[in-house]
Amino acid sequence: MAEKYAEPLAVSFYARDPVSVARDLLGTVLVRRDRVGVRAARIVEVEAYLANNDPASHSHRGLTRRNASMFEQAGLAYVYTIHAKFCLNVVTESQGVGSAVLIRAAQPLEGVARMEMLRNTTHERQLCSGPAKLCGAFELDLAWDGWDLTRGERLWIAAGQSVEAANIVASPRIGIRQNAEAPLRFCVRDSRFLSRRATRRPNG
DNA sequence: AAAACGATCTACT
DNA sequence: GTAGATCGTTTTG
């Protein structure tokens, strides 16, 4: 029998508009394998950052050293620091286009004991319920910026159980994006593993 | 060279 | 709910 989660999502999955990629990432599985073992978590919350007309996107004011990966080929990781922590994005669309999807929260599946050590808590809910928490549980830092997620080595995203449209909801909009025409943040209806921000009431 | 900022988290009430 | 921590990146002088 084939190893679970062995098959990575292909470049064609990522090389689409970031909103579609974001929605389709719900239910897929982030996997990291190293000498110690395997860690896996089901993605339950995402956020798209557009190449155009999106002031909240790191790419909005053009190419810089930090956001260079956003302009690379689809399927690469874009990892950046924020408040002395890290966040993981997947790059979308074609090379030269600065768009990506932020992985905001996930449901731990494998390697939970190790995540508990790294996050210094045994509360399942607290392991990956936020973009920086997730990077903590998976030990992702700037060294992973630009990593090719489509090769299925060390760090990748595998297809999971698809999420029915009825079980996908738009996450509350915040700040400058409250007036965005289309939803950019998505999460599953089951709120057990979502970030605190996603579980806040919309409109508020 | 200095300052401001931030796609966040934790602790606390 | 809100305040404060925290530090690399970007912007400004």
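So you know, we letter chains A, B, ... as the sequences are listed, proteins then strands, and number each from 1. Here the structure is a predicted model, which is why all the values come from computation and not from measurement.
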| task | Classify the nucleic acid contact of A:A132 as base, sugar-phosphate or nothing, counting any heavy atom under 4.0 Å across all strands shown. | result | sugar-phosphate
| request: Indicate, with a heavy-atom threshold strictly under 4.0 Å, whether A:R185 touches base, sugar-phosphate, or nothing. | output: nothing
| task | For this output row, return yes or no: ring centroids of A:H58 and A:Y80 closer than 6.0 angstrom. | result | yes
| task | Please state whether the base of C:dG1 and the side chain of A:R196 form at least one donor-acceptor pair under 3.5 Å? | result | yes
| field | Salt bridge present between A:R197 and A:E45 (N-O < 4.0 angstrom) | value | no
| Minimum-distance nucleotide to A:Q126 side chain [options: B:dT10, B:dA7, C:dC7] | B:dT10
| message | By nearest atom, which of the nucleotides C:dG8, B:dT8, C:dT11 is closest to the A:L142 side chain? | response | C:dG8
Take the protein atom [atom1] of [X] and the nucleotide atom [atom2] of [N], then report the distance between them rounded to whole Å.
| X | N | atom1 | atom2 | answer |
| --- | --- | --- | --- | --- |
| A:R177 | B:dG6 | CZ | P | 14 Å |
| A:F86 | C:dC7 | CZ | P | 11 Å |
| A:R61 | C:dT9 | CZ | C1' | 13 Å |
| A:Y80 | C:dT9 | OH | C1' | 12 Å |
| A:L118 | B:dT10 | CG | P | 13 Å |
| A:L127 | B:dC9 | CG | P | 13 Å |
| A:L194 | B:dA7 | CG | C1' | 17 Å |
| A:I82 | C:dT9 | CD1 | C1' | 10 Å |

Any [X] side-chain N or O less than 4.0 Å from OP1/OP2 of [N]:
| X | N | answer |
| --- | --- | --- |
| A:R66 | B:dG6 | no |
| A:K85 | B:dA7 | no |
| A:T64 | C:dT10 | yes |
| A:R197 | C:dG1 | no |

| said: Using the rule given for salt bridge (Lys or Arg N to Asp or Glu O under 4.0 Å), can you reason through A:E110 versus A:R42, listing the C-alpha separation, both sets of side-chain angles and the distance that settles it, and then say yes or no? | reply: CA-CA 10 Å; A:E110 295 191 22; A:R42 174 176 172 262; over 6 Å; no
| query | Under the side-chain contact (heavy atoms from CB on, under 4.5 Å) criterion, do A:S129 and A:L194 qualify, and how do the steps go? | reply | CA-CA 5 Å; A:S129 59; A:L194 300 181; over 6 Å; no
Pairs under 3.5 Å (N/O, protein and nucleotides 1-5 of chain B):
none

| query | Does any nucleotide pair with C:dT6 by Watson-Crick or G-U wobble geometry, both distances under 3.5 Å, and what is it? | reply | none
| query | Start at the 5' end of DNA chain C and walk down; is the nucleotide closest to A:N67 or to A:H83 reached first? | reply | A:H83
| task | Locate the shortest heavy-atom distance separating A:M115 from A:P108; write the atom from each residue and the value. | result | SD-CB, 4.0 Å
| Verdict with reasoning, A:W144 to A:R154, per side-chain contact (heavy atoms from CB on, under 4.5 Å) | CA-CA 10 Å; A:W144 293 92; A:R154 297 181 67 186; 3.8 Å; yes
| Which is it for A:L127 and A:E116 under the side-chain contact (heavy atoms from CB on, under 4.5 Å) test, yes or no, and what are the steps along the way? | CA-CA 7 Å; A:L127 299 181; A:E116 289 174 347; 4.1 Å; yes
| Is A:Y49 stacked on the base of B:dA7 when the test is centres under 5.5 angstrom and planes under 30 degrees? | yes
| Heavy-atom side-chain proximity of A:N67 to A:R61 below 4.5 angstrom | no
